[in-house]
Each structure stands twice: as C-alpha cells, then as structure tokens.
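Read the structure below first, then the notes.
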Amino acid sequence: MSRGVLRWLIPLAVLPVLALLAYGFWIDPRGEVRSPQIGKPAAPFALTTFGGTPLSLEALRGRVVVVNFWASWCVPACYEEAPVLEQAWRDYKERGVTLVGINIQDKDEAARKFMSQFQFSFPNAMDTSGKVAVDYGVYGVPETFFIDKKGRIRERKVGAVSDETIRGHVERLLAEPS
Amino acid sequence: MAGGAVILAVLVYLVYAGVSQSVVYFVTPAELLAAPAPGKTYRLGGMVQPGSLTWDPRSLDLRFILSDGKATVPVRHKGTAPDLFAEGRGAVVEGAWSGEGYFKATTILAKHSEEYKAPHDTAEPGYKELLKTLRGSEAKP
Amino acid sequence: MIIGAPEIGYALTVVGLFLALWGGAAAVTGARSGRLAFVASAERAAVAVWALVTACMLLLIHAFLTFDFSIRYVAANTNRGTPFYYRITALWGALEGSIILWAWMLGLFTFIVVLRYRRRQPELYPWVLSVMLGVLAFFLLVMAVPAPPFERLTPVPADGRGLNPLLEDSGMITHPVALYLGFTGFTVPFAFALAALAVGRTGEEWITITRRWTIIAWYFLSLGLLIGGWWSYHVLGWGGYWAWDPVENAAFMPWLTGTAFLHSVMIQERRRMLKLWNLTLIILTFGLTLFGTFLTRSGIIGSVHAFTQGSIGVFFLSFLAVVLLGSFSLLAWRVDRLKGQGELDSIVSRESVFLLNNVFLVAASFTVFFGTIFPLLTEAARGTKVSVGAPFFNLVNIPLFLSLLFLMGVGPLIAWRRASAESLRRNFLKPVLAGLVAAAVLRALGVANMLVLTCMALVVFVTGTMVLDFWRAVRARRRTGHGWAAATGGLLVRQNRRYGGFVVHLGIMVVALGVAGSQAWSHSTEATLAKGESVELAGYRVRFDGLAASEESNHFKVTGTFSVAHGTRPVDVLQPAKKFYPREQTPIAYVDYRLGLIEDVYLVLGDFARDGTQATVKVQVNRMVSWLWLGGLVLTLGAALAVLPDSRRPA
C-alpha cells in the first residue's frame, strides 16, 4: 500500500461497515412479538372513579379511548409520562378522545397524591379487584392501550408513552370513520 | 504468502460453513405452521395463550400454546420455565417442530427489560400468606 | 428556577465539556505552533476536567447515600431498601452512571499522562493530550445530552424503584470497573499512536513508551471478562459462564485484537517490521471498545440483555465514524514512513509465529464480529430475522484457539529470523514428546473427548517448553555461582517481561483447561422432590429437606434447603432461593453452590408447592469451572511480574 490514491482506500474501507451499522437504526431488531390482542375488541370494564362517578368502556363507544395503566410507585416511567398524558387529555378531550387512567396494585392515598401532584383532570379509577389488568394482559406499569371508535384495541404501548406516540396514534384513529 | 492464502481459505470456509449450519431463523406461529419442517431448528416467538399453561412437577412436563393472533402452536418443554415466563406474555422458544403436532422447545428465552415495572402478580399468593403456609415446612436440622 | 444537586451536576458537566474541547484545541495549537503556553493551558484544562468529573461522581454518590430521589437516576436505581454498599455501586448500575465512570477513568489516565510525559516526551505529549481530551470531550457530551445522569424528577417520589436485583452482587460491583479500566486503558496507546503519526515519529518509540499501559489495560480487560463469566455463572442460574451473547462478544472483540497488538509490537520492537499493522491494530482495538458500548446500548442487535434504545447509539456511531475515518486518514497520510525495515527471512522463525498468532487472533475477532452483526446483515439483505448462536462461534473459534495454544509454546522459544533444525530439536523435541505421551496416557485413562484431549496435550507441550527454557536459564545462572534462590529469583526479576509472559500464558492455559473440562464433563438434571426425597447425579445425592420464607430489607425470599452427599459422606447443605422483589417483573433465582477444584455442585430452585411439601430443583455438577477463576489469579501474578520496573534500564 504505497503512494498516490490507493492509500486512501484504508479509511474508505470502514465506510461500508459504518453504513451497515447505521442501517441498524432503521429496523426493529428485537423481533418484538406483536400482541395478538391488536384488532380484537377491548375487554369491557365498569369501575368507579376516584371522584365517585361511574366509568365504563361501553359508554365511550364512538370515541377514541386511550387507557393508561399506572401506579404511584412506578418510578421513574409513570412520572415521566404523567404530564404528557394530562397535556394530551387537555388537547384532545373536545375532539372525541377520552383518556382513562386505571390505577393498579396501589394504595388509595398514594394514588390520590400522585394524581394531585400531576393535576390529573381526566377520569381515573382504581382496579380494586385486579380483573381489568388481567383482562388486558397487563403485566407491568406503565402500559397504554389505544382503542378505536369501534371498541377494538389497535395499539399497545409498554413503558412510558411519549408525546409523539400518543398524538400519532390518536390522530390516526380519529381520522377513521366511526 | 501461499501459507497466508491457505489459512485465509480455510477460515472463509469455516465461517461460511459455520454460519450456514448454525443460523437460526426466527418465525411466528403462522409462519411456522405454513411450512413446518420437522427437525429444523427455529426460534418461535409469540404470546403465551392465557389458560394454556400446564406444568407437571413430577414429570417436568411444561406445555403451553404460543399465539400470534393468527395461528397457534402447541409447545412442549422439559424442565421449569425461566423466571420471566408467564401466561399472557410474549415468549421466544428455541427448538424444532416435532412432526407430531407440537413444537419441541429445548430452550425458553427470557428477556430482561430495564424500563418497566411490574406489580406482583395477582395470581400468586401474597407474601404474608406464603410466610404462613411455609412456616412449619422448614428443614429440621 | 430551583438550584439543587441536579442543576449543579449538569452545570459541572457542561463546564467540563467546554474545558475539554478548549484543552483539546489548545493542545493541538500548541503542538503545531510550538507555543508552549497553549500546551500549558491545555494541561490545566485537563486537570480541571478531571476534578469536575470527580465532583460529579461524588455529587451522585452523595445523592445515592442520602436518598435524593429528585435525581431521576437515583430514583431509577435505588430505593429505601437498597443496602448501603449497593447504593454506592449503583453508580455504575445503569447507562448514565457507567458513562460517568468511563469519563472519570479517562480523566484519571489523562491526569497521569500529564504528570508522566510532560517532561519526558515533549514532542509527542501535546498530541497525546489532545487526543485524550478529545475522547474525554465526547464522553462529557454524552453525559450532557443523550445520557444525562443529573436529570431532575418532578415531583420528587417518596421512594425509588430499586437496583436491578441481578446487580446486587459482588460480581457486578467489580465487573464494570475492571472492564472499563481495560477499555479506557487502551486509549493511551491509541493516543500515542496518533501522536506518532501526527509528528512523523513512526518508529518504535510510541510502542516502548506505552508498553506498560498496554499490558495493564489488557490485564484489566481479561479480568473484566473473567469476572463477567463468574457473575454469569453464579447469578444467572443457567450454569454457564459464556453464551456468545452480543453483549459478551462486544467486550471480547477488543480483547482479541488487543492481545494481537500486545504480541505484534514485540516484533516491531525487535525487527522494525509491521509498523502499519501495529498502528492499524491499536486503532481497531480502540474502535472496538467504542463499538462494544455502541452495540450494547443502541439496541440495534437484539440480545437477552434488552437495554433501552435511545439516541445514544447515534452519538456512539458518529463518534466511532469520526475516530475510524480520522485515524485511518492520518495513517494513510503517513503511509510512506511506515515501510518496514526488516523482512521475514523464514517461515520457521519467531517473526512468523507471532505473525500467525496475530492472524489467528484477528481472524477470531473478525469471526465474532461477523457472527454478531450477521442478523443485521441478513435483515438488510433479505429482510428475514435470524440469530447466530453458540454453534457457529464454537465451530470457527475452537480450532483457532487450539492453534493459538500451540503457538504459545512455540513462540517464546523459537529463534528469531531463521530457526535451524538443530535449535528446533533442542527446544521442542522433548516437549512435543511429552505432549504426545500425555495424550496417550489420558486416552488410556479414559478421556475420549477429542477436543479435551488435544487441549490437554497442548497444555503439556506448552508447559514443557516453558519449564525447559526456564530450567536451562536457571542452570546457566547457577554455573556462574548463584544459589538456587538467587538464580530463580534473579532471573524472574531481570527478565521479568519474558517470565511474566510465561506466567500469563500459564494463566491462559489454566483457563483453557477449565473451559475444556467444563464443556466436556459437566452434568445436569432436574427433578421434583417431595420432602425427604433425593435425586442423584454424578455420584452426588441431593435431598430436599424443606422450604422457608423470610423477609429481607428490600425483598421477600423463599429458600429451599437441600442436603448434598457424595456417596455416603455428607458434603454440604445448600440453600438455593427465589427472591421476590416487589417492583420486579418476576422472582429472581438465587443460586447456591459448592465450589471445588475439580467440580462444583450447583442448585437452582425452580417451582415449589405453596405448602412446602415439594420443590423442583435443577442440579448441576460442573467440572473444572473453578479453573477459570484460578487462571485469573495466575494472570494477575503474570501481569504484575511483567510490568515490574526495569531495575537496570534508565527510567
């Protein structure tokens, strides 16, 4: 490998490898298992909110429903998504979207404190029997389900949900016919 | 330099042979059932169908059904499942189609996630109860 | 705006980042213009940066110790039940903290470089400083942008999440530290290599200066890998220590090229050959340390260790690109000065053996690299998802490693330039015979596994060469009137590099034997036992005696008691358990084991009946695994011997 242009082959040789690695960002590598619930009707629930009013999925048919499972002890993920959820609620509640928070495996006092800290104004209820969590196959917090106007589960997000994710899914489901 | 070429050739051959022999394809239940080839090693990923899990402690027979929403595959495994395995959750198993209507899993792969917290499973008894039931069953010295 | 620990820490990081950038630029300016004031300024910046990173670290440790959950990292990795010592080591329990650790070590090494080389290497020094500060700036950038350890959590939660229970272990306290000492240690030879290229002094100088750095970095990397294996073995419950998982491979690749580098520089020092090769190797090794972190934290390769995806992958890949393109361009620019002054006289020579050693090691590294990114390749090319498992890595690497074992015996003894038939006979006849005899004896004793047989025979051969060489040298010194102790001791001290190398090779062989024996001769079984029932394996009888439940500071534990007997003789009582952490997805298995030189008995508690009447237990009798850890000890002794200061040569 001597003078002239040939020598520059040395640095250029690394480019293909770098390109391949960069490609890695565009694909989802984990072979994530698509939840088989996607496309199936969401399990109905009938709970009582922390404010004492009834909350049922049936009554929300025709609206886009975002169901978020959370707990006060879920640190730091629930803390990070809480302001995002509240903001999304305020922006979309007049547009045919209902955000529902379901509190699981928690104490009433701690849950209320969490809700007041983040100034939750959307309906929240405690899943006292644990049945709703089991029906939705929830095995951790936080988890968020996006339900379309026909009552079918369309997306499931495990882990803290970001602003883009909520808005992206909600806008898409809003655009669909009832 | 001829020696170098020989070594290179041997190496390339080994790498090629090795990869073709040991590459394991990842399939979903639907993909597997489309063309189940007995004996070929696959990694099968799906959701463990709730209610399908049976475990016989005596024979160490673990059976469950993996589903991807479109198709289901019965799976059998000898031995306890790893800690992260449960009904209603995703799982990836490695093994081969038995040719007898089920997937024989040699390994169940568990995945640890950093991000995300689980409440203790409502199906398991609470810890206090476990303390009670196990008291009196301790080993006598 | 609140000013608390998070804000202070973040401010310190940003100041450090700018100082590092300034220092790097100043050092280069000083180097090119010859104006020492710039170099002096860069020096001060370097010291200041290290002080700032140390302050960040102390701030974070203080936050851990005082349960300051206003810092997200603290809340995510500890809770009020986390034991005291784990609260400190939680510092490197997750990404953000491990970046601080890396940055701190880099800062420390930069500080040492400042102290040690400012007077001794005035020409190279500014460039070295510049490279080190450049790398340090990158890590500070990572601390400031994609992985900030000082993010504030609002409102402040009452309790944190807790450390990943798998990390509450002695192995995980030490493994990252050792590994990172190895990774960052290689930055110094890399910096000197670039300095040598920049200045045009591409002789042996930069190698001689950094020899100890290379050995020490290599040692810590080896130690880190072994501790990782130990952690995997005694915590994860599968009874193995290495799975060719992408995370493991990521640390193994720089070790392979680092080992190649360690050896090939000896050729350059002696025969002035392989200049281009050595520079390439150290650039690759350093690049691989970055690549390793990129691979494990970017999420592009699926692994059992599912780390979070974030923008950190982009940062690391970009920096890797800059490093590789920049370094290789520098190399290409200076390629004329890299013509070797020696030539390969004969295939039968030490140069040739070292060259082969390098070829095999780099081939192994390439194999591991290829196998690790192959899933990415197939997806890019064909869109299918595949995984490459242990069979591939074993198939290609085992012949390479066995060949390397053989070369370990030949290399140190074979003559330079051209080995005569006479010298070959003198040095190798007896050891070869010993190896063959050993093979025959072992075969007769019942060792049927070909790989183990080959491995053991090779070990005998290599040990034979070492003993022969050492014995002859001792005898020679005795003839000049020394006593036994003086002869051996003096020899070890005076030729510490050579004999340190021998001891290191001995350590590698002990590890190799452990690997071979454990792969060939280990057994496992699983059984469900009622109280009082036993299961037998490999001469051991394991009896289930009962279950007990207890509450610990941050978890709840169910422990099974099992009596282990060998034949009729009771050996031990083992208590594997399942630990239930309230905030974790599932119970964590706690393995109990009895270690032995020849074999370990290893128990994992599986399922159990709620009333304690029966339990499922996985029993393993693993042979010779302890040899891996012993090998690590021997490695330590060898490395220590090799880096002893040379008493005769001027400093």
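Order of the sequence lines sets the chain letters (A, B, ...), proteins ahead of strands, with each chain counted from 1. In this text, all values refer to a predicted model and were calculated from it rather than measured experimentally.
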| message | What part of C/Phe69 gets within 4.5 angstrom of chain A, counting heavy atoms only: side chain, backbone, both, or neither? | response | neither
| query | Is it the side chain or the backbone of C/Leu153 that comes within 4.5 Å of chain A heavy atoms, both, or neither? | reply | side chain
| query | Any idea which heavy atoms bring C/Pro155 and A/Phe118 closest together, and the distance? | reply | CD-CZ, 3.1 Å
| remark: Exactly one of C/Ile283, C/Val323, C/Leu324 clears side chain to side chain contact (heavy atoms under 4.5 Å, CB included) with A/Val14, and that residue is C/Leu324
| Min side-chain heavy-atom separation A/Trp73-C/Pro157 under 4.5 Å | no
| said: Do A/Ile10 and C/Thr280 make a side-chain contact, defined as non-hydrogen atoms from C-beta onward lying under 4.5 Å apart? | reply: no
| message | A/Leu18 vs C/Leu317, test: side-chain contact (heavy atoms from CB on, under 4.5 Å). Steps then yes/no. | response | CA-CA 8 Å; A/Leu18 290 171; C/Leu317 187 59; 4.0 Å; yes
| query | Considering residues at least two apart in sequence or located in another chain, which fulfil the side chain to side chain donor-acceptor pair (under 3.5 Å) criterion with A/Thr53? | reply | A/Thr49
| field | Qualifying salt bridge (charged side-chain N to carboxylate O under 4.0 Å, His left out) pairs, either residue in residues 109-124 of chain A, two or more places apart | value | A/Asp108-A/Arg112
| query | Does a side-chain heavy-atom distance below 4.5 Å link A/Arg7 with C/Leu331? | reply | no
| note | Taken to the nearest 0.5 Å, the spacing of C/Ile373 CD1 from A/Leu20 CG works out to 5.0 Å
| Checking heavy atoms, do the side chain of A/Phe114, its backbone, both or neither come under 4.5 Å from chain C? | neither
| query | Highest number of heavy-atom pairs under 4.5 Å with chain A: which of C/Phe291, C/Trp333, C/Phe328? | reply | C/Phe328
| query | Would you find a donor on one side and an acceptor on the other, under 3.5 Å apart, between the side chain of C/Arg72 and the backbone of A/Pro76? | reply | no
| message | Looking only at heavy atoms and a cut-off of under 4.5 Å, which of A/Leu21, A/Leu12, A/Val17 has the most pairs with chain C? | response | A/Leu21
| field | Heavy-atom contact with chain A under 4.5 Å, split by part of C/Leu377 | value | both
